[in-house]
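Throughout, protein chains are lettered first and strands after them, A, B, ... in sequence-line order, and every chain is numbered starting at 1. All heavy atoms count here, side chains included; hydrogens, waters and symmetry mates do not.
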Protein chains: 2
Amino acid sequence: MSTDAHEIYRRYVGAMVLHGLHAARECGLGGTDMYALNLLDLNGPMTPGELSAQTGLTTGPTTRLIDRLEAAGYVRRTPSPDDRRKVIVEPVGEPTELAEALAPARQKLGEVFARYSEEERRTLFDYFARATEALRP
Amino acid sequence: MSTDAHEIYRRYVGAMVLHGLHAARECGLGGTDMYALNLLDLNGPMTPGELSAQTGLTTGPTTRLIDRLEAAGYVRRTPSPDDRRKVIVEPVGEPTELAEALAPARQKLGEVFARYSEEERRTLFDYFARATEALRP
DNA sequence: CGTAATCTCTTCCTCAATGAAGAGACTTCT
DNA sequence: AGAAGTCTCTTCATTGAGGAAGAGATTACG
């Protein structure tokens, strides 16, 4: 990666972080809540214990974090079939507020994508998939 | 943009937000602080008033936000030459902690980039530039 | 000039999020 | 069966960020 690519990447990451936090605000979520919601979105349903391990929070705050997300309609609690002490936290489709908050950005990005050829789009989506995997914390 | 592309994009944005907030924590910064630092990075030096307008904070919290960033060595305050009431807040190069926090991700992304041809990389960087512009809040 | 407007910063207060510690329910192991 | 361990949730106290209001310094305007 050349210095120039570094520079581009740095600015790009900045823009994505800005965008993400902006979306979080639009949804009435804090940064940690958005963080947790994305964890659930990327890694699938998990227990509060697993979520607390991944967020770095202790169990108390995690419970209330899930409370907030559940009250806002972003996730759902389901009893675990295997272990009745456990609870499964799963994202509930894509919440309306989140979709609406992301809509303008999607619209703009859609216009950007429209400029590329089918071949180029394949390259971009391939990169997205690989980068998502590489950035997974 | 097909539904499939939507899905890929959504997961990708999620990964970037996760990555950004993770980096913020590594630097000992809150989400808002990282947000502001990225604003300064992307839009260049600005006054506390402009920063408060862009973050949505009132002036009080903005002053303390700048205090935190300055104490951590991320930005510098300079008196404005034009208007002696004003202050210019400018990022101080790239802070070591931030660079270190981003280093592992850069390493991994560098490996991802290495898989592509020169032509494909051009496409990717072109996309980054356009997407950065499109996502600017 | 002098009054109003602008800009940053300070002070006080409020509220939300977090950590620590422990309770209650359930499972596992001996 | 019983003891120990696990998992979630609750309670209490603390910390930190943010808003509101106003002070102090400077600039712009009549």
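- Put simply, CD on Glu50(A) is 13 Å from C1' on dT6(D), counting in whole angstrom units.
- A salt bridge does not link Glu133(A) to Arg130(A): none of the charged nitrogens lies less than 4.0 Å from a carboxylate oxygen.
- In terms of phosphate contacts, Thr47(B) brings no side-chain nitrogen or oxygen within less than 4.0 Å of OP1 or OP2 of dC7(C).
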- Item | Per-nucleotide protein contact string for nucleotides 20-30 of chain D, where B marks a base within reach and S marks sugar-phosphate only (heavy atoms under 4.0 Å, - for neither) | -----BBS---
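- For the pair Thr63(B) and dT10(C), the criterion of a side-chain N or O lying under 4.0 Å from OP1 or OP2 is not met.
- Annotation: side chain of Tyr127(A) is not in contact with side chain of Tyr127(B) (no heavy-atom distance under 4.5 Å).
- Looking at residues two or more places apart in sequence or on another chain, you find a side chain to side chain contact (heavy atoms under 4.5 Å, CB included) between Glu111(B) and Gln107(B).
- Across the protein-nucleic acid pair, Lys86(A) atom NZ and dT27(C) atom C1' stand 10 Å apart, rounded to whole Å.
- Residues Val92(A) and Tyr74(A) have side chains not in contact (no heavy-atom distance under 4.5 Å, counting atoms from C-beta outward).
- Looking at heavy-atom distances under 4.0 Å, Leu65(B) makes no contact with the nucleic acid at all.
- Under a cut-off of 6.0 angstrom, the local environment of CZ in Arg115(A) is sparse, with at most 12 non-hydrogen atoms contributed by other residues, nucleotides or ligands.
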- Query: Given Glu70(B) and Arg77(B), is the salt bridge (Lys or Arg N to Asp or Glu O under 4.0 Å) satisfied, shown in steps?
  - Reply: CA-CA 8 Å; Glu70(B) 193 176 33; Arg77(B) 277 183 171 99; 2.6 Å; yes
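- Both Gly49(B) and Arg68(A) sit near DNA chain C, but only Gly49(B) has its closest nucleotide nearer the 5' end.
- Thr32(A) comes within 4.0 angstrom of the backbone, heavy atoms only, and of no base.
- Checking Asp126(B) against Tyr116(A) by side-chain atom types alone, a donor-acceptor pair falls below 3.5 Å.
- Rounded to an integer number of Å, the gap from Leu57(B) CG to dT8(C) C1' is 15 Å.
- The OH-P distance, from Tyr35(B) to dA17(D), rounds to 18 Å in whole Å.
- Going from atom CG of Leu69(B) over to atom P of dC9(C) covers 13 Å, rounded to whole Å.
- We find that CZ of Arg77(B) is positioned 10 Å from P of dT8(C), with the value rounded to whole Å.
- In this structure, Met34(A) places its CE atom 15 Å from P of dA17(C), rounding to the nearest Å.
- Taking atom CG of residue Asp67(A) and atom P of nucleotide dA17(C), one finds them 11 Å apart after rounding to whole Å.
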